[in-house]
*Asks:* 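Could you have a look at this structure, given as structure tokens, before my questions?
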Amino acid sequence: MSFELDSVMVEESERHCALAEQVASALAPSIPIIYTADARGAARPENVADPFAAGKRRLVIARRNSPFLMGCPAGSARFACCGYLVLILASNCPMDCSYCFLQEFVADNPAFQVYSNYADSFEELDRLIHSAPERHFRVGTGELADSLAFDTLTRLSCDLIEFFQTRENLTLELKTKTDEIDNLLKLDPRGRVLVSWTLSPDAVWRSSEHRTAAPSARITAARAVLDAGYKVAFHFDPVIAYPGADRDYTRLIDDLLDILAPHEIAFFSLGGLRMTPTLKSAARRRFPSDPMLLGEEVAASDGRLRTFTPRRLALYRLIADKFARAGVKAPAYLCMEPASIHERVFGSAPPRSALLGNRLASA
Amino acid sequence: MSVSASAECDSAIRALAAERHLPESHLARWLAFDTASRAALLDVARRLRMRTGQLVASIDLLDEIAARDKLTVAAILSENQIRRVLMRGGSTPDRSRALVEELRARRFPTLRAATARLNAEIATLDLPRSVTMLLPRNLASDVLTIQIRTAGIEDFERAMRALAGKRDAIARIIALLGGDDCTSGGNDEF
């Protein structure tokens, strides 16, 4: 799949960086490249009805001045967390899921930014390894951006995989809703790279996951990267409790297990649809007729709107039980849920975050 | 509705919104309803003398029901269940509260059914008056709160014995809060 761009803005100081030159060489000639002192400012859409959507069609190449590596922003003391570390090499996404938290998180930053100095992140990663050589870290690039969207243009995955190939206690997680795997198939991950897909039933994909690959295409892509030596994992997140959801999630898992054997899944995660009131307002304004935004969500103790608890837990258990019955013994976790919910769904208390992180990194 | 009647209706909505200090965002959403729906909500708001919070809640609920069920707000307000609330006896504040409750039930049918089922299970426990079982608000968590009011140790012991005698039934309620039997059977109906 490929995404349409209106323009590419490159910060003048980065004109000759490897990323800018790579993008310029791969870009269709019809798409203008603008070199400017303030690429982010130049990319800011003006006088358009939906600046957030317009920003998704503008690629910005600029330096990142903040650290690249951080703890997962979803982490909190109130939740049982998975120990995921986030490497921010890009921000925003050309796809447009109606429920996406980026509509709030990067609302004032409406362009797809890729950081020209991304290779500086490798030093941060090496410092991390040296600080805790006994641990195994799972580091992903798919939190503030899709890990593989625009990869045919940027080829970021190639440099990343080359770096991770030789770091024994690091696992790279490339999280995506695309089937943009061409670069991956040309490389040998040497057991250090995991590709994960967010999976939703067709009804959610059609209604809410605009410009993403179809669920069947994601599963096919998972099969292909698995055969090329990558590990694969799946995120059922957000799980959405719409009429017919039980049947559709059951079918989705059947479809997945038709293509992948139970032992081929490194891990899976579950997370319910959750929206702050601000996110919900933004999402409803942008997607007023999406029924997936109109389920039975109520305010939880952290202020986020979630499907009321018995219904949400019933869906989690349906998915977890379905995998268990099929013989999937891979680790599993819940995203942004407390330990008590983990215990209700999986029948045991969750491991500590660092331990679960180790387990998922070496799964 | 003629153009002038429609303008008159909008002007009356703006006046009521100003009087009630309705947030701008909610006034904008009210004015974005189709003409018949704008007028229908104005009629209800006037008849029930709805307060600001009730108007805000009603606009939120009506907007979401309309989007989900692909109906107009006017059509929702003319449904039998809603009309029964509007036409019934009682004070206007009571009817106004009842309308918001009815709209909430219409917006959250599975939640309403799950709550009713849990309340029915609690009622069958037949616990002493000193013991109260509280469900989490809107079933937004899985925690059941059990309150014991006591003025003496005998009261307390009686309450504890009653609770211990209902152990299995209480376990069942906790299991229901955790999602037992909350499958899509009910959810598929709306």
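Computed from heavy atoms alone, side chains included, the values below leave out hydrogens, waters and symmetry copies. Protein chains get the first letters and strands the later ones, always in sequence-line order, with residue 1 at the start of each.
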*Asks:* When you measure from the side chain of Arg107(B) to the backbone N and O of Gly295(A), does any donor-acceptor pair fall under 3.5 Å?
*Replies:*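 Answer holds: yes.
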
*Asks:* Need one label for Pro288(A): side chain, backbone, both or neither, based on atoms under 4.5 Å from any heavy atom in chain B.
*Replies:* backbone

*Asks:* Find out whether Phe308(A) and Thr110(B) are in side-chain contact, i.e. whether some heavy atom of one side chain is under 4.5 Å from a heavy atom of the other.
*Replies:*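 Result yes, sub-4.5 Å side-chain heavy-atom pair found.
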
*Asks:* If you count heavy-atom pairs under 4.5 Å between each of Ser281(A), Pro338(A), Ser301(A), Ser340(A) and chain B, which one has the most?
*Replies:* Ser340(A)

*Asks:* Indicate yes or no for a side-chain donor-acceptor contact from Arg344(A) to the backbone of Leu177(B) under 3.5 Å, with no hydrogens or angles considered.
*Replies:* no

*Asks:* Is there side-chain contact between Arg311(A) and Leu139(B), with heavy atoms separated by less than 4.5 Å?
*Replies:*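 A side-chain contact under 4.5 Å is absent here.
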
*Asks:* Just checking Arg83(B): does its CZ atom have more than 12 heavy atoms from other residues, nucleotides or ligands closer to it than 6.0 angstrom?
*Replies:* no

*Asks:* Can you confirm whether Glu79(B) is buried at CD, in the sense that more than 12 heavy atoms of other residues, nucleotides or ligands lie under 6.0 Å from that atom?
*Replies:*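 Above 12, so yes.
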
*Asks:* Other residues, nucleotides and ligands only: do more than 12 of their heavy atoms fall within 6.0 Å of CZ on Arg49(B)?
*Replies:* no

*Asks:* Tell me the closest heavy-atom pair linking Asp63(B) and Arg284(A), and the distance in Å.
*Replies:*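 Here Asp63(B) and Arg284(A) meet closest at OD2-NH1, 3.8 Å.
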
*Asks:* Main chain of Asp290(A), side chain of Arg68(B): is a donor-acceptor contact present, judged purely on distance under 3.5 Å?
*Replies:* no

*Asks:* Decide, yes or no, whether a salt bridge links Glu64(B) with Lys280(A) under the criterion of side-chain N to carboxylate O below 4.0 Å.
*Replies:*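 Answer for the salt bridge query: yes.
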
*Asks:* Measure the OG-CZ distance between Ser141(B) and Arg306(A) for me, rounded to the nearest 0.5 Å.
*Replies:*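 One gets 11.5 Å once the value is rounded to the nearest 0.5 Å.
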
*Asks:* What distance do Leu111(B) atom CG and Thr307(A) atom OG1 have between them, rounded to the nearest 0.5 Å?
*Replies:*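 Leu111(B) atom CG to Thr307(A) atom OG1 measures 10.5 Å (nearest 0.5 Å).
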
*Asks:* Got Ser289(A) and Lys70(B) here, is their nearest side-chain heavy-atom distance under 4.5 Å?
*Replies:* no

*Asks:* Do other residues, nucleotides or ligands put more than 12 heavy atoms under 6.0 Å from the CZ atom of Arg172(B)?
*Replies:*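 Atom CZ in Arg172(B) is crowded, with more than 12 foreign heavy atoms closer than 6.0 Å.
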
*Asks:* Check whether Ala114(B) gets within reach of chain A through its side chain, its backbone, both or neither, counting any heavy atom under 4.5 Å.
*Replies:*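 For Ala114(B), the side chain is the part near chain A, not the backbone.
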
*Asks:* What's the shortest heavy-atom distance between Ala140(B) and Ala299(A), and which atoms?
*Replies:* CB-O, 3.3 Å

*Asks:* Side chain to side chain contact (heavy atoms under 4.5 Å, CB included), that's the test. Do Val298(A) and Arg137(B) meet it? Break it down for me.
*Replies:* CA-CA 9 Å; Val298(A) 297; Arg137(B) 183 178 159 76; over 6 Å; no

*Asks:* Compare every heavy atom of Pro310(A) with every heavy atom of Leu176(B), then report the nearest pair and how far apart it is.
*Replies:* O-CB, 3.6 Å

*Asks:* For Asp258(A), is the CG atom crowded, meaning more than 12 foreign heavy atoms sit under 6.0 Å from it?
*Replies:* yes

*Asks:* Within a radius of less than 6.0 Å around CD of Glu19(B), do more than 12 heavy atoms belonging to other residues, nucleotides or ligands occur?
*Replies:* yes

*Asks:* Are more than 12 heavy atoms, taken from residues, nucleotides or ligands other than Arg129(B), located less than 6.0 Å from that residue's CZ atom?
*Replies:*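 No, the 6.0 Å shell around CZ holds no more than 12 heavy atoms from other groups.
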
*Asks:* So, for Phe108(B) and Glu297(A), which heavy atoms are closest and what is the spacing to 0.1 Å?
*Replies:*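 For Phe108(B) and Glu297(A), the tightest heavy-atom pair comes out as CE2-O, 3.4 Å.
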
